[in-house]
S.K.: 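This is the structure I want to talk about, given as structure tokens.
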Amino acid sequence: MTNIAAAKAAEKDHHWGEASALFLSVAHHCKDEHDYDKAAEFFMRAATAGERDERWRKLGYLWIECASALEARALGAVNDVTDPLDSSKHFFPTLDWVAWERFSHEEQLGRAYRNAGYHFEFSGSNQSAYSQFEKSGDAFAKGGCFAEASRSYFHALLSFVERHGECDLKTLNALEAVNSHLVTEDRAKYLKRLQLQYRALAGKLVGKGNYSAASRLFEREAEISRELALMDHRVGIWLGYSFWKWSARYGNSFGRWFTWAFVLFVVLFPLVFRFTDSTTWQVPLRTPRWLDYVYYSVATVTTAPDTSFVLTVVGKYISLAETLLGVLMLGSLLSLFTKRLIR
């Protein structure tokens, strides 16, 4: 075809607008002839040439055409693609034909939808971007390209949060599913990736004022941080995260904190003081009651004075342990209050 030769000549001479228009003409001709592989190739080349022409919305539309041709079906209605074209600085093509032909069908489909999503996102069409990123993730996941699927689902979630101010659970579950496959390949590497993804999503949710959803993601991030600390043999950090999880569910559960505080300082340590040789009662007029042991336990934690008992050597060790545990519980309580005040 004459247009193919002309398009390739314009591409070679860096006449990007002309090359993009000619490749687009050829792509539509191939699509009309039901030659979908060729149509996908020329839609890709039209979009790649158009990258240099800096028309973001139209480029997003071209990448959808490319993906549609790969799927060999008619293009459905797409929101936000008929608005006036936006221009932005953009100095590089996303890929070329040499790279494109090395990809499998699913990889081509995933990259086409993801490139569409990039361009819609940068033109402010976040809902359209989310839809294309999600389709990209589905295509990559179907082809077993889990690392690329993870990246696409992550961008889909970012676009969804930007548009709606909340996290789409369906896409989040898809992200976690593909990451579970990756973790079996290289646990440390892909746990760190998931940790960063949770952190970025949670930060974006905080920026949108959705603190409850952000807290849930921060909790998942903290659980990964705890596991990574154990894998890296950082025992101190692992113990810190473990205590935070045990005492307050990473700063998200007042109920858990109060339950453990009651068990430790109202039940456990009073029992230890009562049934060990750790204390000597100093009030001769009566025998000690349970409340006396509870009060002494709480006084030990809060460093309040109580002369009703004298500690033995064993009692001093127990008292030091309770004081240290009390300081840790206080830190956990402060994390709870801090998160509540931020909300």
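Start at 1 with the first residue, then count along the sequence.
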S.K.: Classify the ring geometry between Trp290 and Tyr293 as parallel (under 30°), tilted (30 to 60°) or perpendicular (over 60°).
M.R.: tilted
S.K.: Where do Phe273 and Phe309 land on the ring-ring contact (aromatic ring centres under 6.0 Å, His included) test, with the steps shown first?
M.R.: CA-CA 10 Å; Phe273 287 130; Phe309 294 94; 7.6 Å; no
S.K.: Does the side chain of Tyr130 pick up a donor-acceptor pair with the side chain of Thr171 at under 3.5 Å?
M.R.: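 Checked: Tyr130/Thr171 side chains pair up, N/O donor to acceptor below 3.5 Å.
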S.K.: Is it true that Asp168 and Lys170 have a side-chain N and a carboxylate O under 4.0 angstrom from each other?
M.R.: no
S.K.: Is it the case that over 12 heavy atoms from other parts of the model lie below 6.0 angstrom from the CH2 atom of Trp260?
M.R.: no
S.K.: So, Arg193 side chain and Ala147 main chain: donor-acceptor pair closer than 3.5 Å or not?
M.R.: yes
S.K.: For Tyr36, which of His34, Lys38, Glu33 qualifies under side chain to side chain donor-acceptor pair (under 3.5 Å)?
M.R.: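 Per the side chain to side chain donor-acceptor pair (under 3.5 Å) rule, the option paired with Tyr36 is His34, out of His34, Lys38, Glu33.
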S.K.: Using only heavy-atom distances, determine whether the side chains of Ser131 and Glu134 contain a donor-acceptor pair under 3.5 Å.
M.R.: no
S.K.: Are the charged groups of Lys208 and Glu166 less than 4.0 angstrom apart, N to O?
M.R.: no
S.K.: Main chain of Glu148, side chain of Arg114: is a donor-acceptor contact present, judged purely on distance under 3.5 Å?
M.R.: yes
S.K.: Could you tell me whether the side chain of Ser332 and the main chain of Met329 form a donor-acceptor pair under 3.5 Å?
M.R.: no
S.K.: Please tell me whether Trp244 and Ser335 have a donor and an acceptor in their side chains that are separated by less than 3.5 angstrom.
M.R.: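 A pair is found: one side chain offers a donor N or O, the other an acceptor, under 3.5 Å apart.
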S.K.: For the side chain of Glu162 and the backbone of Ser159, is there at least one donor-acceptor N/O pair under 3.5 Å apart?
M.R.: no
S.K.: With a 3.5 Å cut-off and no angle check, do the side chains of Gln132 and Asn115 form a donor-acceptor pair?
M.R.: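 There is no such pair (donor and acceptor under 3.5 Å, judged by atom type) between the side chains of Gln132 and Asn115.
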S.K.: Strictly below 4.0 Å, N to O, side chains only: are Arg187 and Glu227 in salt-bridge contact?
M.R.: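 Yes.
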S.K.: Please say whether more than 12 non-hydrogen atoms of neighbouring residues, nucleotides or ligands are located less than 6.0 Å from CG in Asp277.
M.R.: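 Atom CG in Asp277 is not crowded, with 12 or fewer foreign heavy atoms closer than 6.0 Å.
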S.K.: Can you tell me if Ser152 uses its side chain to pair, donor with acceptor, with the backbone of Ser136 under 3.5 Å?
M.R.: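 No; judged by distance alone, with no hydrogens or angles, the pair does not exist.
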S.K.: Which atoms form the tightest heavy-atom contact between Ala129 and Glu121, and what is the distance?
M.R.: CB-N, 3.7 Å
S.K.: Go through Phe42 and His28 one step at a time and tell me if the ring-ring contact (aromatic ring centres under 6.0 Å, His included) criterion holds.
M.R.: CA-CA 9 Å; Phe42 292 120; His28 279 298; over 10 Å; no
S.K.: Are Glu11 and Lys8 ion-paired here, with the side-chain N under 4.0 Å from a carboxylate O?
M.R.: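 Looking at Glu11 and Lys8, the cut-off is not met.
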S.K.: Aromatic contact between Phe254 and Phe337, with the criterion being ring centroids under 6.0 Å apart: yes or no?
M.R.: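 Aromatic pair counts; centres sit under 6.0 Å.
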S.K.: Name all pairs fulfilling the side-chain hydrogen bond (donor to acceptor under 3.5 Å, both in side chains) condition that reach into residues 314-327, sequence neighbours left out, sorted by first residue then second.
M.R.: Ser297-Glu322
S.K.: Checking Thr307 against Gln282 for the side chain to side chain donor-acceptor pair (under 3.5 Å) test, could you report, in this order, the C-alpha distance in whole Å, the side-chain angles of both residues, the deciding distance, and whether it holds?
M.R.: CA-CA 7 Å; Thr307 58; Gln282 296 296 299; over 6 Å; no
S.K.: Regarding Glu223 and Arg226, does a basic nitrogen lie under 4.0 Å from an acidic carboxylate oxygen?
M.R.: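 Looking at Arg226 together with Glu223, the answer is yes, because their closest N to O distance falls below 4.0 Å.
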S.K.: When you measure from the side chain of Asp35 to the backbone N and O of Cys30, does any donor-acceptor pair fall under 3.5 Å?
M.R.: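 Answer holds: no.
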S.K.: Looking only at atom types and distance, does a side-chain atom of Thr184 sit under 3.5 Å from a main-chain N or O of His181, one as donor and one as acceptor?
M.R.: yes
S.K.: Which atom names give the shortest non-hydrogen contact between Gly326 and Val301, and what distance separates them?
M.R.: CA-CG1, 3.8 Å
S.K.: Kindly indicate, with the supporting measurements, whether the criterion side chain to side chain contact (heavy atoms under 4.5 Å, CB included) is fulfilled by Phe218 and Val206.
M.R.: CA-CA 11 Å; Phe218 277 131; Val206 168; 4.1 Å; yes
S.K.: Do any N or O atoms from the side chain of Arg249 and from the backbone of Gly255 form a donor-acceptor pair under 3.5 angstrom?
M.R.: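 No, Arg249 side chain to Gly255 backbone: no donor-acceptor pair under 3.5 Å.
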S.K.: What do the steps show when you test Phe269 against Tyr296 for ring-ring contact (aromatic ring centres under 6.0 Å, His included), and what is the final call?
M.R.: CA-CA 9 Å; Phe269 278 103; Tyr296 187 75; over 10 Å; no
S.K.: Indicate yes or no: does Arg286 engage Asp292 in a salt bridge with an N to O separation below 4.0 Å.
M.R.: yes
S.K.: Assess whether a salt bridge exists between Glu106 and Lys142, defined as any Lys/Arg side-chain N lying under 4.0 Å from an Asp/Glu carboxylate O.
M.R.: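 No, this pair does not count.
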S.K.: Under the side chain to side chain donor-acceptor pair (under 3.5 Å) rule, what do Tyr113 and Asp138 come out as? Steps first, then yes or no, please.
M.R.: CA-CA 10 Å; Tyr113 277 131; Asp138 292 342; over 6 Å; no
S.K.: Write down the atom of Leu175, the atom of Ser150, and the distance for their closest heavy-atom approach.
M.R.: CD1-O, 3.4 Å
